[in-house]
Asks: 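Let me begin by handing over the structure; questions about it come next.
The shown structure was predicted, so the numbers you read here are calculated from the model rather than taken from an experiment.
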Amino acid sequence: MRFEPNTLLAITTGCAMGMLIGSASIFGEEGLLLKYVLTTILVVAGYVPLNSWMLKRMGRPALPLIRLDSPHSAMWANIYPGLIGILAFVPLIFAGKDFGLMIVIAAVWFAITVGSALNARKAS
């Protein structure tokens, strides 16, 4: 069984997103775990179809992040899970705050990788 690189990127970014949600809910304000999870789900569920619709309206093709014709694209695409992993350390430094905006930003990055995985699946 062969995994497509864009799917692996989405899985890796999802794991980093889970780490960020866990870190923000443990070290942030009390009782915001459900808010963070629902925010992530809503952002991903809204971004992926709206982004593909907007690309169709602009007449641009929906390309995956990691492509075989560009070998460096895999290296650059790893910025998404790396940045989300770095953001997971912010609640450790600034404990007791609401990290909702940081969750939304990271959820958009996660949605980009999910959209990329879906685009790669359509292309093959």
Side-chain angles (χ1 to χ4, degrees):
M1 182 172 178
R2 181 181 179 276
F3 288 107
E4 210 276 322
N6 287 289
T7 304
L8 291 175
L9 176 66
I11 291 169
T12 305
T13 310
C15 291
M17 189 70 204
M19 187 172 66
L20 173 61
I21 290 172
S23 174
S25 62
I26 291 171
F27 296 104
E29 285 185 17
E30 298 276 329
L32 294 179
L33 174 64
L34 183 63
K35 173 186 165 186
Y36 294 154
V37 171
L38 288 177
T39 300
T40 302
I41 291 170
L42 289 174
V43 167
V44 172
Y47 181 87
V48 172
L50 287 175
N51 186 41
S52 64
W53 174 73
M54 193 58 126
L55 287 174
K56 285 179 189 174
R57 273 194 76 168
M58 293 188 312
R60 294 180 54 199
L63 298 173
L65 288 173
I66 301 174
R67 297 186 306 271
L68 292 176
D69 60 341
S70 177
H72 294 96
S73 62
M75 179 187 67
W76 285 108
N78 281 318
I79 289 175
Y80 292 111
L83 285 177
I84 294 174
I86 291 171
L87 284 179
F89 285 107
V90 172
L92 296 170
I93 299 167
F94 302 104
K97 308 247 187 263
D98 182 7
F99 297 102
L101 181 61
M102 188 170 64
I103 297 290
V104 169
I105 293 168
V108 169
W109 292 340
F110 177 46
I112 290 170
T113 61
V114 170
S116 172
L118 294 173
N119 292 336
R121 190 170 182 186
K122 287 178 191 175
S124 62

Asks: Output the distance between atom NZ (Lys35) and atom CD (Glu29), rounded to the nearest 0.5 Å.
Replies: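 It comes to 7.5 Å.
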Asks: Please find the pair of heavy atoms, one from Ile103 and one from Met17, that lie closest to each other, and give the distance.
Replies: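 Between these two residues, the closest heavy atoms are O-CE, 3.6 Å.
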Asks: If you look at every heavy atom in Ile21 and Tyr36, which pair is closest and at what distance?
Replies: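 Looking at all heavy atoms of both residues, the shortest contact is CG2-CB, 4.1 Å.
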Asks: Which distance, rounded to the nearest 0.5 Å, do you find between the OG1 of Thr13 and the CD1 of Ile112?
Replies: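 If I round to the nearest 0.5 Å, the distance is 10.0 Å.
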Asks: Would you compute the distance between atom CD1 of Ile26 and atom CG of Leu32 and round it to the nearest 0.5 angstrom?
Replies: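 It comes to 13.0 Å.
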Asks: Less than 4.5 Å apart, any side-chain heavy atom of Ile66 and any of Ser73?
Replies: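 Contact flag for Ile66/Ser73 side chains = yes.
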Asks: Any side-chain heavy atom of Met102 within less than 4.5 Å of one from Leu20?
Replies: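 Yes, their side chains come closer than 4.5 Å.
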Asks: Hydrophobic cluster membership, with links at side-chain heavy-atom distances under 4.5 Å among I/L/V/M/F/W/Y: are Trp76 and Leu65 in one?
Replies: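 Hydrophobic grouping puts Trp76 with Leu65.
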Asks: Indicate if Leu33 and Phe99 have the same hydrophobic cluster label, given that clusters are the connected sets of ILVMFWY residues with side-chain heavy-atom separations under 4.5 angstrom.
Replies: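 Cluster IDs for Leu33 and Phe99 match.
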Asks: Counting heavy atoms not belonging to Leu68, are there more than 12 under 6.0 Å from its CG?
Replies: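 No, CG of Leu68 has 12 or fewer neighbouring heavy atoms, counting only those of other groups under 6.0 Å.
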Asks: Output side-chain donor-acceptor pairs under 3.5 Å for residues 41-49, partner residues at least two apart or in another chain, one line each.
Replies:
none

Asks: Would you say Phe27 ends up clustered with Leu101 if hydrophobic residues are merged whenever their side chains have heavy atoms under 4.5 Å apart, either directly or through other cluster members?
Replies: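 Leu101 and Phe27: separate clusters.
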Asks: Taking the side chain as every heavy atom from C-beta outward, state whether Leu87 and Trp109 have any pair of such atoms under 4.5 Å apart.
Replies: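 The answer is yes, as the side chains (C-beta and beyond) meet within the 4.5 Å cut-off.
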Asks: In the structure I gave you, are the side-chain heavy atoms of Leu9 and Asn78 within less than 4.5 Å of one another anywhere?
Replies: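 Yes, their side chains come closer than 4.5 Å.
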Asks: Quick one: are Pro64 and Glu4 in side-chain contact, heavy atoms under 4.5 Å?
Replies: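 Side-chain contact under 4.5 Å: no.
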Asks: Can you name the closest pair of heavy atoms from Pro81 and Ala16 and give their distance?
Replies: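 The answer is O-CB, 3.7 Å.
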Asks: Are Val108 and Ile79 connected in the hydrophobic side-chain network, where two residues link if heavy atoms are under 4.5 Å apart?
Replies: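 Yes, it is one cluster - the side chains of Val108 and Ile79 are joined through contacts under 4.5 Å.
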Asks: Working to the nearest 0.5 angstrom, can you tell me the gap between Ile84 CD1 and Ile105 CD1?
Replies: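 Between atom CD1 of Ile84 and atom CD1 of Ile105 there are 10.5 Å.
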Asks: Heavy-atom count check: over 12 atoms from other residues, nucleotides or ligands less than 6.0 Å from Tyr80 OH?
Replies: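 Incorrect, the count does not exceed 12.
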Asks: Rounded to the nearest 0.5 Å, what's the gap from CG on Asn119 to CG on Asn6? Could you check?
Replies: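 The CG atom of Asn119 sits 8.5 Å away from the CG atom of Asn6.
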